[in-house]
Amino acid sequence: MKRLALAAATVSSLALASCVGPQGRQAQNLPPTPPKPPQPYIPASAKTAILAGVARGPAVAALAIDPAKADTVLAAFRSSCAALLKRTDGSGLTTAADWQPACTAAASWPQGQGLSFFQRYFETARIGAGQLYATGYYEPQIQGSTTPQLGYDVPIYGLPDDMVSADLGQFAPDLKGRTIRGRVQNGKLVPYPDRTQIQGGAIRGHAPVIGYAADKIAFFFLQIQGSGQLRQPDGSVVRIGYAGQNGQPYTGIGKWMLARGMLQPGQASMQGIVGWLRAHPDQADAVMDQNRSYVFFKYLSTPPIGALGVPVTGRVSVAADPAFTPLGAPVWLAPDRAEAAGLWVAQDTGGAIKGANRFDTFWGAGADAERIAGGMSAHGSAYVLLPVGTIARLGHAGQIPQA
């Protein structure tokens with residue numbers, strides 16, 4: 001998904017992203033922007049796991065891994081192997097050859113013996129300080145329709161035909177990895193319309209309407225998740241997923257609301273934000289428009305697919321920053337939230353999931369998944385599980401200190 005193709009950021013990160021001023025809608029009822037205090041200088045952080053520092057962690061056998069969870073994580077790891085053996089690891093930690101023994105064994109490993117698999121083929125590594133921050137995401141289900149219906153009047157747009165993407169790395173080496181999106185006007189590439197402009201009709205005639213949502217607030221949060229389900233009036237369910245994004249910056253409205261006293265500390269969960277928006281319908285549009293990012297959708301015929309290219313599994317898959325965690329690698333989380341503790345496997349990425357030991361736990365679909373994901377904000381410690389021998393190889397190569 002990029003977190004469910006999830007190019008959008010996680011629900012709990014609503015309170016983390018930077019804030020932007022009102023964008024076009026009438027915002028006269030909103031509190032004024034408070035003055036910004038002086039910001040201390042913060043040096044650039046390490047950009048990969050190797051640069052952040054790698055140290056050997058405890059033996060896998062010393063971790064309190066639940067045997068049943070080990071079996072489900074083994075199944076997810078097995079599904080990741082085809083991609084693991086092909087992709088380049090952006091963290092600098094592993095090579096395809098490192099993963100070959102574990103992937104070969106996983107293909108025929110006996111059912112019910114997942115714990116012994118991880119104990120035999122893996123070692124743990126602490127990346128940087130090993131300080132975990134975990135949030136949650138899920139696959140929402142909202143009331144929607146693929147055809148016009150009374151009461152379903154929020155358009156769900158497919159990918160526009162006039163949006164252009166430009167890889168800036170093709171023009172300047174120091175911009176490698178940066179992509180911008182816009183549209184061509186009078187021979188010039190200009191920014192693509194933001195959320196306010198799109199909802200005002202700026203792309204009408206340029207983007208197909210693939211469906212209609214009944215609730216604009218529910219659809220706003222589905223856009224943040226980047227993938228979800230439409231429950232139609234006849235009870236049938238249609239899956240939609242991320243097809244693209246307008247190139248405008250993502251802004252977490254939770255932090256914006258906290259700064260203005262609209263929410264109090266501890267209220268910036270998804271549930272808290274939704275409650276405020278429903279209680280203040282005259283201000284809801286202006287608040288949601290602080291997030292200029294807008295996600296376009298397509299129909300899905302399969303379960304949600306993560307950035308690794310394989311289905312993500314509720315309570316098993318996490319989104320991670322591939323510069324610090326190899327996609328496909330198991331990870332051990334020891335947070336202050338019991339639900340998120342244990343063994344997971346990194347199979348996705350996310351716009352707000354950046355840095356070492358930053359993970360977004362996937363909880364699947366349904367009311368329970370929504371409740372846990374919407375309130376997930378956990379701290380603790382984390383280890384990445386690497387194939388046995390990886391840390392020694394890195395040490396011999398001089399990439400990390402010898403253990």
Chemist: Is it the case that the side chains of Gln232 and Thr146 hold a donor-acceptor pair, with the cut-off being a distance below 3.5 Å and no angle test?
Modeler: yes

Chemist: State, with a plain yes or no, whether a side-chain heavy atom of Pro193 is found less than 4.5 Å away from one of Tyr294.
Modeler: no

Chemist: Check the pair Ser293, Asn291 against side-chain hydrogen bond (donor to acceptor under 3.5 Å, both in side chains), reporting the backbone distance first and the verdict last.
Modeler: CA-CA 5 Å; Ser293 173; Asn291 180 18; 4.5 Å; no

Chemist: Under 3.5 Å, is there a donor-acceptor pair between the side chain of Gln271 and the main chain of Arg371?
Modeler: yes

Chemist: Do Ser377 and Arg337 pair up side chain to side chain, a donor and an acceptor below 3.5 Å, judged on atom types alone?
Modeler: no

Chemist: Between Phe122 and Phe77, does the ring centroid distance fall short of 6.0 Å?
Modeler: yes

Chemist: Please confirm whether the backbone N or O of Gly355 pairs with a side-chain atom of Asp321, one donor and one acceptor, at under 3.5 Å?
Modeler: yes

Chemist: Taking C-beta and beyond as the side chain, do Asp360 and Asp348 meet within less than 4.5 Å on heavy atoms?
Modeler: no

Chemist: Compute both the distance and the angle, then confirm whether Arg358 meets the cation-pi test with Tyr133: under 6.0 Å from the six-membered ring centre, within 45 degrees of the axis.
Modeler: no

Chemist: Is there side-chain contact between Glu123 and Leu385, with at least one heavy-atom pair below 4.5 Å?
Modeler: no

Chemist: Begin from the C-alpha positions of Arg315 and Asp368 and carry the test salt bridge (Lys or Arg N to Asp or Glu O under 4.0 Å) through to its verdict.
Modeler: CA-CA 11 Å; Arg315 301 174 184 261; Asp368 197 44; 2.9 Å; yes

Chemist: Test Asp153 against Lys216 for salt bridge (Lys or Arg N to Asp or Glu O under 4.0 Å), laying out the working first.
Modeler: CA-CA 9 Å; Asp153 51 11; Lys216 61 186 175 183; over 6 Å; no

Chemist: Are any side-chain N or O atoms of Tyr137 and backbone N or O atoms of Ile224, one a donor and one an acceptor, separated by less than 3.5 Å?
Modeler: no

Chemist: Indicate yes or no for a side-chain donor-acceptor contact from Thr361 to the backbone of Thr135 under 3.5 Å, with no hydrogens or angles considered.
Modeler: yes

Chemist: For the residue pair Asp162 and Tyr192, confirm or rule out a side-chain donor-acceptor distance under 3.5 Å.
Modeler: yes

Chemist: Are there more than 12 heavy atoms of other residues, nucleotides or ligands under 6.0 Å from atom NZ of Lys298?
Modeler: no

Chemist: Could you tell me which residues satisfy ring pair (Phe, Tyr, Trp, His ring centres under 6.0 Å) with Tyr121, sequence neighbours excluded, listed by chain and number?
Modeler: Trp109, Phe117

Chemist: When you look at Thr94 and Leu386, which way does the side chain to side chain contact (heavy atoms under 4.5 Å, CB included) test go after all the steps?
Modeler: CA-CA 8 Å; Thr94 65; Leu386 302 175; 3.8 Å; yes

Chemist: Please check if any side-chain donor atom of Gln141 sits under 3.5 Å from a side-chain acceptor atom of Arg231, or the reverse.
Modeler: yes

Chemist: How close do Val54 and Ala125 get, counting heavy atoms only, and between which atoms?
Modeler: CG1-CB, 4.0 Å

Chemist: Side chains of Asp167 and Thr179: donor-acceptor distance under 3.5 Å anywhere?
Modeler: no

Chemist: Check the pair Ile240 / Ile210 against side chain to side chain contact (heavy atoms under 4.5 Å, CB included), numbers first and verdict last.
Modeler: CA-CA 9 Å; Ile240 59 174; Ile210 69 166; 4.2 Å; yes

Chemist: Taking all heavy atoms of Leu394 and all of Gly92, pick out the closest pair and write down the distance.
Modeler: CD2-O, 3.9 Å

Chemist: Does the pair Gln245 and Arg181 meet the rule for a side-chain hydrogen bond (donor to acceptor under 3.5 Å, both in side chains), with working shown?
Modeler: CA-CA 8 Å; Gln245 186 260 358; Arg181 299 181 182 91; 3.2 Å; yes

Chemist: Give the C-alpha distance, both sets of side-chain angles, the deciding distance and a yes or no for ring pair (Phe, Tyr, Trp, His ring centres under 6.0 Å) between Phe296 and Tyr157.
Modeler: CA-CA 5 Å; Phe296 306 107; Tyr157 287 111; 7.2 Å; no

Chemist: With a 4.0 Å cut-off, would you call Arg239 and Glu139 a salt bridge?
Modeler: yes

Chemist: Identify the two heavy atoms, one from Tyr152 and one from Pro233, that lie closest to each other, and give their separation to 0.1 Å.
Modeler: OH-CG, 3.5 Å

Chemist: When you measure from the centre of the six-membered ring of Trp276, is the NZ or CZ of Arg278 under 6.0 Å away and within 45° of the axis?
Modeler: no

